[in-house]
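Residues take their numbers from the sequence shown, with the count starting at 1. Owing to the predicted nature of the structure, the values given are computational and were not obtained by experimental measurement. When a ligand or atom number is given, it counts from 1 through the structure's own listing order.
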Amino acid sequence: MAAGRKELLMLENFIGGKFLPCSSYIDSYDPSTGEVYCKVPNSGKEEIEAAVEAAREAFPAWSSQSPQERSVVLNRLADLLEQSLEELAQAESKDQGKTLTLARTMDIPRAAQNFRFFASSIVHHTSECTQMDHLSCMHYTVRTPVGIAGLISPWNLPLYLLTWKIAPAIAAGNTVIAKPSELTSVTAWMLCKLLDKAGVPPGVINIVFGTGPRVGEALVSHPEVPVISFTGSQPTAERITQLSAPHCKKLSLELGGKNPAIIFEDANLEECIPATVRSSFANQGEICLCTSRIFVQRRIYNEFLKRFVEATRKWKVGMPSDPSASMGALISKAHLEKVRSYVMKARAEGAQILCGEGVDQLSLPVRNQAGYFMLPTVITDVKDESCCMKEEIFGPVTCVVPFDSEEEVIKRANSVKYGLAATVWSSNVGRIHRVAKKLQAGLVWTNCWLIRELNLPFGGMKSSGIGREGAKDSYDFFTEVKTITVKH
Ligand SMILES: NC(=O)C1=CN([C@@H]2O[C@H](COP(=O)(O)OP(=O)(O)OC[C@H]3O[C@@H](n4cnc5c(N)ncnc54)[C@H](O)[C@@H]3O)[C@@H](O)[C@H]2O)C=CC1
Ligand SMILES: N/C(=C\C=C\C(=O)O)C(=O)O
């Protein structure tokens with residue numbers, strides 16, 4: 001390597017308990033500088049064959065362990081993630097562009113919690129039993145692991161979402177082949193280094209890196225992988241569904257959102273405004289649960305808008321390592337351009353950009369000026385039919401519009417193809433229940449946002465996905481149920 005050039009981080013696949021090099025690699029960028037800093041294996045069919053073989057060999061022993069035995073391993077993994085929290089948070093922030101603060105306080109703690117949570121929930125499931133006395137029969141159900149699970153995760157919450165799939169799959173006795181996003185592979189590779197110490201037998205967790213069209217499709221199409229859990233975009237979900245159809249695979253699809261916040265005139269704005277800034281711009285707006293359409297009752301519209309824009313301007317964009325930054329860099333140059341293009345389209349349609357992109361100036365150190373940064377942007381005077389109000393932008397852009405009545409706002413909130421999450425702000429408890437029930441969303445947070453109860457179903461309606469994740473839902477998904485009848 002030439003003097004002055006930095007060593008690149010080289011990742012390897014993890015198959016059958018071993019790190020294995022690949023014949024070709026993809027560049028991975030540091031979003032805060034725009035520089036290549038890591039090489040990710042560009043795996044394909046060959047690596048998937050090897051991973052399937054390893055997962056197949058590991059399955060009989062792992063699936064025969066008791067839930068209690070597997071629970072011990074999951075708890076050890078949680079301990080090891082907690083012990084490596086700082087190292088993992090630094091890596092996640094560098095790889096994804098998110099602030100180090102968020103990686104430390106949300107991503108990595110939640111990854112550890114995912115293992116701890118499923119370590120506990122797996123030992124608490126019960127099965128069903130019914131009697132038919134007139135026929136001298138009893139019936140009961142048993143659940144068995146499905147087999148080799150294919151797990152495909154996105155780039156926005158890399159370790160958080162990957163472990164949210166690995167933990168329930170292995171807790172239920174499956175072996176897994178996981179494919180993280182090629183844009184954010186580093187923390188998944190770091191996780192592999194902890195598996196042996198935690199007591200995960202070789203072949204139980206295999207991680208294969210690379211792009212969706214190459215290694216993702218090889219995984220989804222493999223006839224020995226009967227179950228696929230995917231989080232990501234709707235077009236990719238369509239492709240996965242097509243490839244899975246000939247094999248009748250079990251599918252869980254967690255997709256995007258176009259999530260409304262509905263703010264009634266009796267809302268507590270002291271709480272609502274900071275929470276709605278956070279729900280719009282947390283993780284650079286790159287969370288499928290982020291708010292991107294804010295409906296405000298007309299009587300408080302002007303006051304809300306003024307205070308919301310003031311609060312947004314205080315949401316500092318900075319280097320991911322800056323402890324005073326609320327937002328870091330977006331994931332990639334292509335994504336930054338896509339997000340910016342929505343703001344340009346809104347402007348061309350006659351909407352007003354109240355702050356952020358094209359209005360305010362970013363201030364960044366020289367080293368970060370080629371990074372993928374963008375200011376949090378608030379758009380108003382935008383029609384419900386505009387692409388900014390219909391399509392998932394997945395960046396720091398939110399639209400604010402007025403409404404008059406409860407009936408009207410429910411109709412408008414439901415008028416998009418997505419149905420993932422919503423927030424409702426009001427001090428009228430009756431209205432909260434009424435509106436929450438009528439919204440087409442798998443998750444409704446009232447007077448709060450993103451408070452997670454991992455026991456309960458998580459997922460979306462309409463184009464936001466198929467299936468739910470959570471204690472019982474993930475268990476049901478990663479197991480096959482059998483009804484046994486005993487005549488006595
Ligand atoms: N949870 C969510 O709602 C997410 C939504 N998105 C949305 O998707 C847009 C595009 O982001 P992408 O990273 O391109 O999402 P994506 O859906 O392409 O990527 C998600 C995962 O699927 C894999 N993948 C891609 N094509 C595949 C294929 N043909 N077969 C199997 N696996 C495949 C990717 O490698 C990655 O691991 C974003 O702008 C955002 O709107 C992105 C990430 C997460
Ligand atoms: N699936 C996503 C977020 C999930 C959050 C959670 O389980 O708490 C996403 O942003 O893609």
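With sequence neighbours excluded, no residue forms a side chain to side chain donor-acceptor pair (under 3.5 Å) with Asp473. Checked against salt bridge (Lys or Arg N to Asp or Glu O under 4.0 Å), Glu182 has the following partners two or more places apart in sequence or in another chain: Lys179. Not counting sequence neighbours, the partners of Arg116 by the salt bridge (Lys or Arg N to Asp or Glu O under 4.0 Å) test are Asp79, Glu82.
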Inset, instruction - Take Glu391 and Lys417, measure what salt bridge (Lys or Arg N to Asp or Glu O under 4.0 Å) needs, and give me the verdict at the end. - result: CA-CA 9 Å; Glu391 293 170 20; Lys417 71 173 182 176; over 6 Å; no
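Applying the 4.0 Å criterion to heavy atoms of Ser153 picks out, from ligand 1, the atoms 21 (C), 36 (C), 37 (O). Counting the atoms of ligand 1 from 1 in the order shown, those under 4.0 Å from a heavy atom of Pro154 are 43 (C), 44 (C). Listed by number with element, the atoms of ligand 1 under 4.0 angstrom from any heavy atom of Thr236 are 16 (P), 17 (O), 18 (O), 22 (O), 24 (N), 25 (C), 26 (N), 27 (C), 28 (C), 33 (C).
Aromatic ring orientation, Trp189 versus Phe19: perpendicular (interplanar angle above 60°, classes split at 30° and 60°).
The part of His335 lying near ligand 1 is the side chain, judged by heavy-atom distances below 4.0 Å. Under 4.0 Å from ligand 1, not a single heavy atom of Leu183 appears.
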Sub-3.5 Å pairs, protein N or O with ligand 2 N or O:
{"unit_1": "ligand 2", "atom_1": "7 (O)", "unit_2": "Arg110", "atom_2": "NH2", "d": "3.2"}
{"unit_1": "ligand 2", "atom_1": "7 (O)", "unit_2": "Arg452", "atom_2": "NE", "d": "3.3"}
{"unit_1": "ligand 2", "atom_1": "7 (O)", "unit_2": "Arg452", "atom_2": "NH2", "d": "3.0"}
{"unit_1": "ligand 2", "atom_1": "8 (O)", "unit_2": "Arg110", "atom_2": "NH1", "d": "2.9"}
{"unit_1": "ligand 2", "atom_1": "8 (O)", "unit_2": "Tyr160", "atom_2": "OH", "d": "2.6"}
{"unit_1": "ligand 2", "atom_1": "8 (O)", "unit_2": "Arg452", "atom_2": "NE", "d": "2.6"}
{"unit_1": "ligand 2", "atom_1": "10 (O)", "unit_2": "Asn156", "atom_2": "ND2", "d": "2.8"}
{"unit_1": "ligand 2", "atom_1": "10 (O)", "unit_2": "Cys288", "atom_2": "N", "d": "2.7"}
{"unit_1": "ligand 2", "atom_1": "11 (O)", "unit_2": "Asn156", "atom_2": "ND2", "d": "3.3"}

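At a distance under 4.0 Å, no protein heavy atom can be found next to atom 19 (O) of ligand 1. For atom 14 (O) of ligand 1, the protein comes within 4.0 Å by no heavy atom at all.
Counting only N and O atoms by type, the side chains of Glu469 and Trp164 include a donor and acceptor under 3.5 Å apart.
Stacking of Lys345 on the aromatic ring of Tyr342 is recorded, both the 6.0 Å distance cut-off and the 45° axial limit being met. Under a cutoff of 6.0 Å and an axis angle of 45°, Lys333 and Tyr29 do not form a cation-pi pair.
At the top of the distance list for atom 39 (O) of ligand 1, counting protein heavy atoms only, stands Lys338 NZ, 2.8 Å. Protein heavy atom at the shortest distance from atom 9 (C) of ligand 1 is Ser233 CB, 3.9 Å.
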